Amino acid sequence: MPYLLRGLLLTIRLALVSEACILAFGLIVALLRISRIRIFRAFAAVYIDVIRGMPLILQIVIIYFGLGHLGIGLSKFTAGVLALTVCYAAYEAEIFRAGILSIHKGQMEAARSLGMGYLKAMRYIILPQAIRRVIPPLSNEFIALLKDTSLVSVIALSEVFQRGRELMGTKANVTPLVGVALCYLIITIPLMRLVQRTEKWLSRGD
Amino acid sequence: MIKILGLRKKFGHHEVLKGINLEVMPSEVLVVVGPSGSGKSTLLRCINGLEHATEGRIFIEGTDITDSRTDINVVRQKVGMVFQSFNLFPHLTALRNVTLAPIKVKKMNPDEAIEKALKLLDKVGLRDKANAYPAHLSGGQQQRVAIARALAMDPDVMLFDEVTSALDPELVKEVLDTMKDLAREGMTMIVVTHEMGFAKEVGDRLIFMDEGRIVEEGRPEKVFTQPEHPRTKEFFSKILSHI
Amino acid sequence: MKTKAVGRLIVSVAVFLFAFLLIVAGCGGEKGLTIKSGVLMMGSDTTYPPFENMEGGKAVGFDVDLATEIARRMGLKLEVVPTAWDGIIPGLKTGKFDILMSAMTITPERAKEINFSDPYIDSDQSICVKKGSPIKDENDLKGKVVGVQLDTTGQFTAEKMEGLKEISKFDTILLAFEALEQGKIDAIINDYPVNAYMSKIRGKTEVVKKIKTNEKYGIGVKKGNEELLKKINEALKEIKADGTYDRIYRKWFGQPS
Ligand SMILES: Nc1ncnc2c1ncn2[C@@H]1O[C@H](COP(=O)(O)OP(=O)(O)OP(=O)(O)O)[C@@H](O)[C@H]1O
Ligand SMILES: [Mg+2]
């Protein structure tokens, strides 16, 4: 069991580091997606479509082995984080975008009429409101991300799922898999509860 | 103070403003009246750059805001705007609504901004609501905070777009009173409204708009009592019969 | 009225599900020597040349040829079921295929779970590195990253070494070679015949050290299926005796056994 738990630590580390990058990058992509500058919009739209149209495991292998062929050598951890970021940012960008667009346009106009530039208005007026609205869907994405870190075992990252499969092979029975399932569940179930609570709490303000 | 020359505005093929010429003097209170869709809001929105003029020029204290070299954010600091739907920032307290722009745009020292905001809230009669969030304020209170918020930038002119139309009748007066005070202090104001009492009492001049044009202009009582243009006559007879 | 309709719906869905289960279960229902009559199903992780790998959609390799021969002598047709390595013993135990033949070393741990046939080939471990690497033997591996295939005797050998920086466990040995060639890992520890074969066909790596472990590969059969095991051992003995084994060996390893 401690062997699995150490794998779980790596899983959590992967998820947290990736999530930080995803939030930042996803927000940037969302802003590009709604920008008034056409190439930015086009770039973001293509990015979102291409990434969402491909399986994550393929992206992981491309980033680790594919980039390696082009002479870009990334460590397993970096490649894992990068692949998860690239993939999830595309989904979270769409969530951010929907959140931003859900803010009444009168808010932007009021901010602009006070002399705030577009970026200031975004930063102080639109985003603080939008972020509140996207917390629940983003939390659900985080739960999905945590589970999808299991796919990085394909590049030999020894996270909890890989360790479970390894023990299954050596022990040749199913108990390690039950252990892995428990490892995920002790994290995901409390998270799901938390999301439900935050959802309720946030909707009280409306 | 404000000078508008040959202003035209098109949305696609739909021409909403068809050549507006208008001058507003310092401390003047200009009332804008007209049927729905006549272009009143669009005119105000052009004056503070929320809409781009398709043709024509708009000078604010000598600065041509239709010139692409003009920094519209600087112009907007001189032009305060109050909206029909208040548009307070719901995630900020009344006080923060008022202090945000002075601090972030004018780089005013926060203590100074708070002091000033409290004075303005006092002026609109809401000092005790400084820490309330918009959701906990009545419509009239929200609109008065919105006025304080615009005033915090020390504008030279204030634009009001049907600021009482979304309010329950018993809340209209408190907002109009605030505007009257402002007028008395010598603020230059352009007010789109259907409140004829207010127009008569405070308005220096009234323009009547129809289908993107100014069809009649004059002292408010005069336009009310002896309208010349047939459209104006029709409009006021309808409105007055409602009262 | 309405509740009655709902009740009918539930009943019909239940009947349908039951019928479906019967049909599905019926497929594997009959009791014979093998799961599918006339066919010998072989679970194999087909990513392990020259023992088993996919070529143009077909499984090929030493194990495949040997198994085909065994099946033929039992009057059966061979069918290879490509299976991920970590699921291969569970697959055999749960009846996904009749035999397991996948360059699997006979170990006491595995023998607790499944039965093994008589050994059909000897194997040892080896260290494989990128050409020109300064690594020559186990001592040079201290502080290095070693790649293995998950759950193989290569991994177990590496785990017994001291001072390794890390053991990178890949799902297939092909991915480990990809990583080795790209310099992402310093060495691979894996079965000698595979390391030698991969180095020969891909040309970027070399085997620098053979590590004697006296491993022997066996064919796995589910515990309790003694009859099948007996027949396989008989066929294997025949194949070895009449020279067929040597022919297959030479085909894949280019030298007599
Ligand atoms: N962003 C826009 N895009 C297209 N058409 C618009 C836009 N904004 C306004 N219009 C049109 O311009 C015309 C004038 O609108 P405007 O809001 O200026 O009228 P208004 O006089 O303020 O009317 P109301 O009394 O209803 O507020 C209307 O026909 C309206 O549909
Ligand atoms: Mg309007």
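All chains are named by letter (A, B, ...) in the order of the sequence lines, taking the proteins before the strands, and each is independently numbered beginning at 1. Only a predicted model underlies this, so the values are computations on that prediction, with no experimental measurement involved.
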Side chain to side chain donor-acceptor pair (under 3.5 Å) partner of S153(A), the single match among Q162(A), R165(A), E166(A): R165(A)
Contact class of F83(B) relative to chain A, heavy atoms under 4.5 angstrom: side chain
Portion of L159(B) that has a non-hydrogen atom of chain A nearer than 4.5 angstrom: neither
Interchain contact, R123(A) with chain B, by part (heavy-atom threshold 4.5 Å): neither
Do T193(B) side-chain atoms and E195(B) backbone N/O form a donor-acceptor pair below 3.5 Å? yes
Under a plain distance cut-off of 3.5 Å, with no hydrogens placed, do R193(A) and Q196(A) share a side-chain donor-acceptor pair? yes
With chain A as the partner, which of M153(B), R45(B), R76(B) has the greatest number of non-hydrogen pairs under 4.5 Å? R76(B)
Is NZ or CZ of R149(B) both nearer than 6.0 Å to the six-membered ring centre of F86(B) and within 45° of the ring axis? no
